[in-house]
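Treat the numbers as computed from the prediction; the structure is a model and nothing was measured. So you know, we letter chains A, B, ... as the sequences are listed, proteins then strands, and number each from 1.
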Amino acid sequence: MLREAREVVERALKEKTGLSDVALADGGEHADLATTVAFALAIIRKQPPVKIAAEITQALAADPALKALDIAVETKGPYINFRFGSAYVRGSLKAAVQPGYGSLPKRQERVVLEHTSANPNGPLHVGHIRNSIIGDTLARAFRKAGYRLEVQYYVNDMGRQIAIVVWGFTNLDSGQQPGEKEDAHIARVYIAANREIEKDEGITQQVDKLMQLVEGGDAATVKKFRKEVARCLDGFAVTLKDLNVAHDRFVWESDFVRNGDTARIIGLVKKLPQAREEETLALDLSEFGFTNKYVIRRSDGTSVYAARDLAYHAWKSRNFDRAIDVLGADHKLIGAQLICTLKLLGEKPPEIVHFEFVSLPEGSMSTRAGKFVSADDLIAEVTKQAFDEVTVRRPELPEDQRRTIAKSVALAAIRYDIVKVSPEKSTVFDWKEALDFERQSGPYIQYAHARACSILEKAGEFPECYDLADESEITLAKQLARFPAVIQNVVSDLRPHLLAIYAREVADTFNSFYHFEPVLKSEGKVRDRRLTLVKAVQNTLKEALETLGIDAVRTM
RNA sequence: GGGCUUGUGGCUUAGCUUGGACAUAGCGCCGGGCUUCUAACCCGGAUGUCGGGGGUUCAAAUCCCCCCAGGCCCGCCA
């Protein structure tokens with residue numbers, strides 16, 4: 001409802017002012033929408049802004065489009081405020097109780113979203129899952145916003161790290177320990193192999209040889225690489241499932257070598273005026289502000305990651321209308337070079353969402369050095385803590401039900417803790433925060449939802465009533481009305497944390513309402529309209545939580 | 001050294017792209033609230049040179065410049 005009302009107001013303002021930018025903004029505590037356009041007009045018309053604001057307000061007051069939507073206009077000094085009336089509130093409430101609330105009209109564009117794509121040389125850690133959770137939340141938001149979406153994981157199965165893993169499995173004592181997860185096993189061998197390399201530089205040549213063999217398509221070597229990568233991915237699959245993160249397709253990097261795409265793209269790169277072919281093939285992108293050379297092919301003839309990535313993105317460009325990548329901040333430079341080169345090749349470049357690093361209190365994480373907190377450990381610890389909490393609060397529930405709730409609570413705590421922070425902030429992983437299930441947490445929002453469910457359950461059947469009256473009711477309904485616009489903003493700005501903040505704000509407002517306004521104990525019309533409002537809150541929270549990849553549990 | 005990025009009460013954080021009405025919320029602290037729809041909750045209070053300095057503007061947390069501090073990057077790694 002907000003999106004529609006905003007459009008009407010914006011159109012009317014443009015008409016009355018003749019400006020293309022009417023500075024329409026959220027009204028905060030003053031109004032539902034507000035504009036400071038009078039300041040801009042004051043300069044043009046050389047009149048005081050207060051006078052201009054009054055004139056515009058008068059002109060808008062007579063506008064039939066605003067009247068039809070029951071939008072009141074008033075001036076407060078130079079500010080023009082818009083206040084939505086009962087028709088808006090009614091329409092908002094009616095929309096918010098519909099199944100699937102928040103979904104936007106279907107679109108035809110096909111979007112490909114790549115996220116996680118961690119190197120398969122060890123388990124996913126708390127840095128990787130920032131990628132997974134941002135990516136998965138964006139994916140859910142895109143689907144809710146009506147897009148046709150395919151989510152991909154790009155499997156780096158032929159990099160140096162994997163060659164080191166394979167070298168380790170061939171040359172070191174590398175048996176799997178009982179109960180050891182595949183990805184943890186691979187990390188152990190990878191770490192051990194790196195220690196050997198530090199001691200003996202000759203090993204690097206053996207690793208290089210492995211890389212040449214795999215690029216050349218040597219059957220036995222390819223098989224070894226595939227085997228370890230696949231095992232690591234099996235481990236990832238368990239972690240990602242626990243995090244409620246899903247991919248539609250795993251795209252293997254080596255496929256772009258095997259099918260000739262990489263050779264083809266290298267051929268095209270060679271013809272670019274920026275190409276510099278000496279021993280290596282590289283691009284000189286200095287005219288675009290890049291100071292380093294962008295290497296595409298090694299002097300031994302093998303391709304580097306950049307070449308295969310170009311092939312992958314050219315493929316995305318041909319098969320999708322839009323491509324979105326979620327990548328760590330360490331990929332900023334190569335991401336910009338990738339985009340630059342794709343443009344030179346006449347391909348659609350991806351839109352890249354970068355997120356900053358997660359470090360540990362003792363310093364940055366490193367798989368190679370074995371310095372990381374694995375996602376599996378995090379999940380196990382948070383789940384254990386959640387089970388204890390559920391047991392304290394609901395001792396009467398059978399254990400299996402407490403376990404089920406604990407699992408959902410843990411998932412909510414982890415996902416929310418990560419997605420609530422703006423991606424551009426680097427963070428330090430903090431166990432205390434990860435294990436906090438109170439204010440500004442996922443469980444806090446789940447709890448508000450469970451409270452709403454509990455009321456609805458006890459209420460039984462009731463006739464829906466959309467005529468809200470009390471200030472607290474109207475405030476809440478207006479907040480629910482913002483949900484579709486929030487979904488819209490998440491996909492247009494590629495900022496999933498906006499949804500996290502919004503869901504928390506709805507929970508805040510509802511908890512306050514819950515405390516002051518009796519629902520089941522009120523009578524007649526009041527009971528009906530409040531129950532309808534509770535249903536709308538429950539429905540909105542459910543849709544918001546599910547878009548965040550969090551279970552909207554009915555009891556906890 | 002160069003580039004990108006972050007810096008908001010003791011701690012964490014929203015707002016910054018699109019400059020405007022007393023800067024958002026949480027933790028922690030102080031004080032209240034469970035015979036009442038689940039207290040994973042609610043209400044009140046104290047706490048801010050929006051890193052520092054200049055500039056643009058009627059108006060700057062928000063835009064521009066300089067400086068300081070942290071993170072990331074600058075590889076024939078990925």
Side-chain angles (χ1 to χ4, degrees), chain A residues 21 23-31 34-36 38-40 42-43 48-49 76-79 81 117-119 121 156 158-162 208 253 279-282 289-293 295-302 304-306 308-309 328-334 336 354 356-357 359 364 386 389-390 392-394 409 413 420-422 424-428 430 432-433 436-448 450-459 493 495 497-498 501 504-505 507-508 511-522 530-531 534 555-556:
Chain A
D21 177 12
L24 190 62
D26 196 70
E29 61 208 88
H30 308 282
T35 174
T36 55
F39 288 106
I43 293 164
K76 181 92 186 224
Y79 302 98
N81 293 333
S117 302
N119 281 326
N121 59 350
N156 304 132
M158 53 185 304
R160 178 166 292 273
Q161 284 95 329
I162 309 311
D208 287 346
E253 184 181 10
E279 294 198 327
T280 63
L281 171 65
F290 297 102
T291 50
N292 62 324
K293 57 180 186 173
V295 177
I296 304 297
R297 198 193 56 208
R298 297 187 184 94
S299 55
D300 68 0
T302 58
V304 296
Y305 171 82
R308 294 166 236 137
D309 209 22
D330 54 336
H331 285 65
K332 274 188 184 175
L333 178 60
I334 56 151
H354 288 289
E356 286 290 338
F357 269 43
S359 59
S364 51
E389 294 279 341
V390 176
V392 168
R393 293 163 210 274
R394 302 296 299 278
V409 167
K420 73 177 177 188
V421 184
S422 322
E424 64 269 20
K425 296 242 195 208
S426 53
T427 63
V428 178
D430 182 347
K432 190 166 162 277
E433 269 171 47
D436 182 10
F437 305 146
E438 298 192 342
R439 307 279 304 225
Q440 302 203 337
S441 75
Y444 168 82
I445 302 165
Q446 286 179 308
Y447 185 68
R451 278 178 147 181
C453 286
S454 175
I455 292 176
L456 294 171
E457 186 128 335
K458 290 193 166 83
D493 299 353
R495 290 166 74 76
H497 84 287
L498 297 175
I501 305 287
R504 194 207 77 216
E505 285 171 350
D508 283 342
N511 275 329
S512 191
F513 170 85
Y514 177 95
H515 188 77
F516 289 109
E517 312 293 354
V519 177
L520 295 175
K521 283 190 177 165
S522 51
R530 286 187 181 166
L531 277 170
V534 170
T555 183
M556 61 189 283

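Residue A:Arg308 is in sugar-phosphate contact alone, with no base atom involved, counting any heavy-atom pair closer than 4.0 Å across all strands shown. At a threshold of 4.0 angstrom between heavy atoms, the contacts of A:Thr302 with the nucleic acid are absent. Among the atoms of the strands shown, only primed sugar atoms or phosphate atoms (P, OP1, OP2) are found under 4.0 Å from some heavy atom of A:Phe516. Across all strands, A:Val534 comes closer than 4.0 Å to no nucleic acid atom at all (heavy-atom distances). Contact annotation for A:Ala329: backbone-only contact, meaning every heavy-atom pair under 4.0 Å involves sugar-phosphate atoms and none involves a base. Within the 4.0 angstrom heavy-atom criterion, no nucleotide atom of any strand lies near A:Glu457.
With B:rU38, B:rA14, B:rU6 as the candidates, the nucleotide lying closest to the side chain of A:Ala450 is B:rU38. The listed nucleotides are B:rC76, B:rA14, B:rC27; the one nearest the side chain of A:Lys432 is B:rC27. Comparing B:rA14, B:rC42, B:rU36 by their nearest atom to the side chain of A:Tyr444 picks out B:rC42. In this structure, of B:rA14, B:rA39, B:rC76, it is B:rA14 that holds the atom nearest to the side chain of A:Val421. Distance from the side chain of A:Val295 is smallest to B:rC76 among B:rU38, B:rA14, B:rC76. Nearest nucleotide to the side chain of A:Val519, out of B:rC37, B:rA14, B:rG75: B:rC37. Counting only heavy atoms from C-beta on, A:Tyr447 has its side chain closest to B:rA40 among B:rC37, B:rU6, B:rA40. Taking the side chain of A:His497 as heavy atoms from C-beta on, and the options B:rA14, B:rC72, B:rC77, the nearest nucleotide is B:rA14.
Between B:rU38 and A:Ser454, a contact under 4.0 Å exists linking OP1 or OP2 to a side-chain N or O. One finds no side-chain N or O of A:Arg160 lying less than 4.0 angstrom from the OP1 or OP2 phosphate oxygen of B:rA78. One finds no side-chain N or O of A:Lys420 lying less than 4.0 angstrom from the OP1 or OP2 phosphate oxygen of B:rU12. Dashed line: the shortest gap from a side-chain N or O of A:Arg394 to OP1 or OP2 of B:rA40 is not under 4.0 Å.
Taking atom CD1 of residue A:Ile43 and atom C1' of nucleotide B:rU57, one finds them 8 Å apart after rounding to whole Å. The separation between A:Asn156 atom CG and B:rA78 atom P is 9 Å, rounded to whole Å. Atoms CD1 (A:Ile296) and C1' (B:rC77) sit 14 Å apart, rounded to a whole Å. Regarding A:Tyr514, its OH atom lies at a distance of 15 Å from the P atom of B:rC34, rounded to whole Å. Between A:Met158 atom CE and B:rA78 atom P there is a gap of 9 Å when expressed in whole angstrom units. Atom CD1 in A:Ile445 sits about 11 Å away from atom P in B:rC41, given to the nearest Å. As a whole-Å value, the separation of A:Lys425 NZ from B:rC11 C1' is 13 Å. When rounded to the nearest whole Å, the span between OH of A:Tyr305 and P of B:rG75 equals 17 Å.
Pairing of B:rC11, defined by two Watson-Crick or G-U wobble distances under 3.5 Å, is identified with B:rG26. B:rC16 makes up no base pair with any nucleotide shown, lacking Watson-Crick or G-U wobble contacts both under 3.5 Å. Of the nucleotides present, none pairs with B:rA21 by Watson-Crick or G-U wobble criteria with both distances under 3.5 Å. Judged by Watson-Crick or G-U wobble contacts below 3.5 Å, the nucleotide B:rU38 has no partner.
B:rG70 and B:rG32 are spaced 41 Å apart, taking the C1' atom of each and rounding to whole Å. To the nearest whole angstrom, the two P atoms, one in B:rU56 and one in B:rA46, are 37 Å apart. The P atoms of B:rG3 and B:rG75 are separated by 16 Å, rounded to the nearest whole Å. Between the P atoms of B:rC50 and B:rG9, the separation comes to 9 Å (whole Å). Only the P atoms considered, B:rG20 is 15 Å distant from B:rC64, to the nearest whole Å. Rounded to whole Å, the P atom of B:rA59 lies 22 Å from the corresponding atom of B:rC16. Comparing the P positions of B:rG54 and B:rA60 gives an interatomic distance of 14 Å, to the nearest angstrom. For the C1' atom pair drawn from B:rC42 and B:rG26, the interatomic distance equals 15 Å after rounding to whole Å.
Side-chain atoms of A:Thr555 and A:Arg394 form a donor-acceptor pair, as typed in the model, at a separation below 3.5 Å. Side-chain contact annotation: A:Tyr444 with A:Asn511, donor-acceptor N/O pair under 3.5 Å present.
A:Glu424 is listed as a side-chain neighbour of A:Arg495, based on a closest heavy-atom distance under 4.5 Å. With contacts defined as side-chain heavy-atom distances shorter than 4.5 Å, the pair A:Pro443/A:Gln446 qualifies. Using a 4.5 Å cut-off on side-chain heavy atoms (C-beta onward), A:Phe357 and A:Asp330 make contact. Side-chain contact between A:Thr280 and A:Arg297 is absent, with no heavy atoms from C-beta onward closer than 4.5 Å. Between A:Val428 and A:Ser359, the closest side-chain pair of non-hydrogen atoms falls below 4.5 Å. Side-chain contact between A:Leu520 and A:Ile455: present, with at least one pair of heavy atoms (C-beta onward) separated by less than 4.5 Å.
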Could you list, one pair per line, each protein nitrogen or oxygen that sits under 3.5 Å from a nitrogen or oxygen of nucleotides 17-26 of chain B, together with the distance?
residue, atom, partner, partner atom, Å
B:rG20, O2', A:Tyr79, OH, 2.2
B:rG20, N7, A:Thr36, OG1, 3.2
B:rA21, O4', A:Tyr79, OH, 3.0
B:rA21, N6, A:Asn81, OD1, 2.8
B:rA21, N1, A:Asn81, OD1, 3.1
B:rA21, N1, A:Asn81, ND2, 3.2
B:rC22, N4, A:Glu29, OE1, 3.1
B:rC22, N4, A:Glu29, OE2, 2.1
B:rA25, O2', A:Gln440, NE2, 2.5
B:rG26, OP1, A:Arg439, NH2, 3.2
B:rG26, O4', A:Gln440, NE2, 2.9

Provide a list of protein-nucleic acid N or O atom pairs under 3.5 angstrom, restricted to nucleotides 61-71 of chain B.
none

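Toward the 5' end of RNA chain B, the nearer of the two residues A:Val409 and A:Arg297, judged by each one's closest nucleotide, is A:Val409.
A:Ser299 contributes a side-chain N or O that forms a donor-acceptor pair with the base of B:rC76 under 3.5 Å. Judged by distance alone, with hydrogens and angles left aside, A:Glu279 brings a side-chain donor or acceptor within reach of the base of B:rC76, the pair sitting under 3.5 Å.
Salt bridge A:Asp508/A:Arg504: present, at least one basic N to carboxylate O contact under 4.0 Å. Salt bridge A:Glu253/A:Arg308: present, at least one basic N to carboxylate O contact under 4.0 Å. A salt bridge is defined here as a Lys NZ or Arg NE, NH1 or NH2 lying under 4.0 Å from an Asp or Glu carboxylate O, and A:Glu433 with A:Lys420 fails to meet this definition.
Within the cation-pi definition used here (under 6.0 Å to the ring centroid, within 45° of the axis), A:Arg451 qualifies as a partner of A:Tyr514.
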Steps toward side-chain contact (heavy atoms from CB on, under 4.5 Å) verdict (A:Val409, A:Glu389): CA-CA 10 Å; A:Val409 167; A:Glu389 294 279 341; over 6 Å; no
